[in-house]
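Working notes, beginning with the structure itself.
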Amino acid sequence: MSAEAGDLATLVDRAQRGDGRAVEAVLAAVRDDVHRLALRMTGCPDDALDATQEILVKVLTRLSTFTGEAAFPTWVHRVTTNHLLDRRHSAVERLEHTFGTFADDLHDGLTPVAPNAGPELDLLAREVKHGCTLALLCCLDREARVAYVLGEVFSVSSTEGAWICETTEAAYRKRLSRARAAVRAFVSEHCGLIAPTLARCHCRKRVPAAVRLGRVDPAVVEHASAGDVEDAVAEMEALYDTAGLLRSVPDAIAPDEVAVRIRSLLDSGRYRLISP
């Protein structure tokens with residue numbers, strides 16, 4: 001969140017009393033976390049952008065129903081989670097991958113890396129890694145996926161996770177444990193970043209197939225700076241644990257389009273705070 005807890009509480013109170021600038025500030029404070037959760041639940045940047053805008057509208061129209069039964073960011077996570085659990089399937093979800101079919105997809109078209117490939121390959125490999133990481137999450141069913149993202153990426157407690165998911169702590173812990181075990185088993189067998197001496201698949205080897213399938217854009221190299229290349233090389237050479245792999249997706253900031261869209265909605269006068 002972009003606002004300190006005390007400042008955010010003050011903003012929420014002002015927003016609930018009809019302060020338009022406070023409403024905008026509250027939405028700005030939570031939009032990045034909403035986008036982080038939406039991206040990992042949908043697995044697709046375009047779907048995540050749409051979902052983020054839809055969720056922020058819900059936060060706006062339900063703001064007056066927030067009564068402080070949980071911290072405001074936790075309440076936003078519940079609104080976000082409920083929306084994402086009920087939302088239509090994203091483009092990645094429509095592929096209906098299981099861990100088995102996803103493994104087959106990863107192993108199809110692996111290409112040995114040429115000795116003189118050059119560091120630019122790592123820019124494309126990094127894009128492959130990000131896409132693969134998001135697709136991996138979509139092998140989990142939605143309830144397991146949201147438990148995993150909340151626990152591994154957002155590091156929420158079992159108490160918070162259970163409240164967000166509207167279940168018992170025991171049920172939440174069971175979902176999280178099963179999801180962790182499934183993801184850990186998969187990456188330990190198939191991911192060359194996690195198990196470099198055991199796994200066949202490595203992001204660099206996936207680049208030609210990913211380019212052919214339109215999953216990464218070679219133009220990322222054309223527009224890269226020397227710093228971009230250095231960062232990509234360092235990232236691809238770093239060791240990752242399973243949770244670190246999930247946290248590495250660079251999605252801390254929601255696209256500028258979100259702020260523009262929300263500003264437009266507020267200016268339109270179509271959305272008002274709904275009294276309880």
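The shortest heavy-atom contact between Ala195 and Ser188 is CB-O, 3.3 Å. In this structure, Leu39 and Ala48 approach most closely via the heavy-atom pair CA-CB, 3.5 Å. Of all the heavy atoms in Ser90 and Thr42, the pair that sits closest is OG-O, 2.6 Å. Closest of all the heavy-atom pairs between Gly109 and Ala209 is O-CB, 3.9 Å. Closest approach of Phe99 and Ala182 over heavy atoms only: CE1-CB, 3.8 Å. Scanning both residues, Ala38 and Thr52, for their nearest heavy atoms gives CB-OG1, 3.8 Å.
A donor and an acceptor atom, one from each side chain of Ser225 and Asp228, are located under 3.5 Å apart.
The distance from atom SG of Cys165 to atom CG of Leu85, rounded to the nearest 0.5 Å, is 7.0 Å. Rounding to the nearest 0.5 Å gives a distance of 14.0 Å between CZ of Arg204 and CG of Leu110. Here the CG-OG1 distance, from Leu56 to Thr80, works out to 7.5 Å after rounding to the nearest 0.5 Å. Of the inter-residue distances, the one linking Asp47 atom CG with Arg87 atom CZ reads 5.0 Å to the nearest 0.5 angstrom. The NE2 atom of His89 sits 9.5 Å away from atom CZ of Arg94, with the distance rounded to the nearest 0.5 Å. Put simply, CD on Glu127 and CG on Asp217 are 9.0 Å apart, with the number rounded to the nearest 0.5 Å.
Counting heavy atoms from C-beta on, the side chains of Leu137 and Thr133 never come closer than 4.5 Å. Within the 4.5 Å cutoff, no side-chain heavy atoms of His190 are placed close to those of Arg200. A heavy-atom distance below 4.5 Å is not found between the side chains of Val76 and Asp33. Residues Arg31 and His35 have side chains not in contact (no heavy-atom distance under 4.5 Å, counting atoms from C-beta outward). Using a 4.5 Å heavy-atom threshold, the side chains of Asp231 and Arg126 count as touching. Side chains of Leu37 and Val149 form a contact here, defined as non-hydrogen atoms less than 4.5 Å apart. Contact check for Arg40 versus Arg145: no side-chain heavy atoms found under the 4.5 Å cut-off. Using a 4.5 Å heavy-atom threshold, the side chains of Leu8 and Pro73 count as touching.
Salt bridge present: Arg17 and Asp13 bring a charged side-chain N and a carboxylate O closer than 4.0 Å. For the pair Arg173 and Glu169, the salt-bridge criterion is met [side-chain N within less than 4.0 Å of a carboxylate O]. Looking at Glu93 and Arg88, no side-chain N of the basic residue comes within less than 4.0 Å of a carboxylate O on the acidic one, giving no salt bridge.
Looking only at distances, no side-chain donor or acceptor of Thr74 sits under 3.5 Å from a matching main-chain atom of Ala70. Looking only at distances, a side-chain donor or acceptor of Arg206 sits under 3.5 Å from a matching main-chain atom of Asp108. A donor-acceptor pair under 3.5 Å is formed between the side chain of Asp19 and the backbone N or O of Ala22.
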Test side-chain contact (heavy atoms from CB on, under 4.5 Å) on Arg14 and Thr10 and set out the steps.
CA-CA 6 Å; Arg14 286 170 47 199; Thr10 300; 4.2 Å; yes
Run the salt bridge (Lys or Arg N to Asp or Glu O under 4.0 Å) check on Asp105 and Arg215 step by step: do they pass?
CA-CA 13 Å; Asp105 181 77; Arg215 295 176 182 174; 2.9 Å; yes
One pair to check against side-chain contact (heavy atoms from CB on, under 4.5 Å): Cys139 and Thr101. What are the steps and the verdict?
CA-CA 9 Å; Cys139 294; Thr101 61; over 6 Å; no
Could you go through Asn82 and Lys58, starting from their C-alpha distance and side-chain angles, then the distance that decides it, and tell me whether this counts as side-chain contact (heavy atoms from CB on, under 4.5 Å)?
CA-CA 11 Å; Asn82 284 337; Lys58 285 190 173 181; over 6 Å; no
Determine whether Ser157 and Glu160 satisfy the following criterion, side-chain contact (heavy atoms from CB on, under 4.5 Å), listing intermediate values before the conclusion.
CA-CA 5 Å; Ser157 68; Glu160 291 174 314; 3.3 Å; yes
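Taken together through direct or relayed side-chain contacts under 4.5 Å among Ile, Leu, Val, Met, Phe, Trp and Tyr, Leu140 and Val92 form parts of separate hydrophobic clusters.
Taking the six-membered ring where the residue is Trp, Phe154 and His77 present perpendicular rings, their angle passing 60° and hence far from 30°. In this pair, Phe72 and Phe66 present their aromatic rings perpendicular. The plane angle is above 60°, beyond the 30 to 60° band.
Heavy atoms from other residues, nucleotides or ligands lying under 6.0 Å from CD of Glu69 number more than 12.
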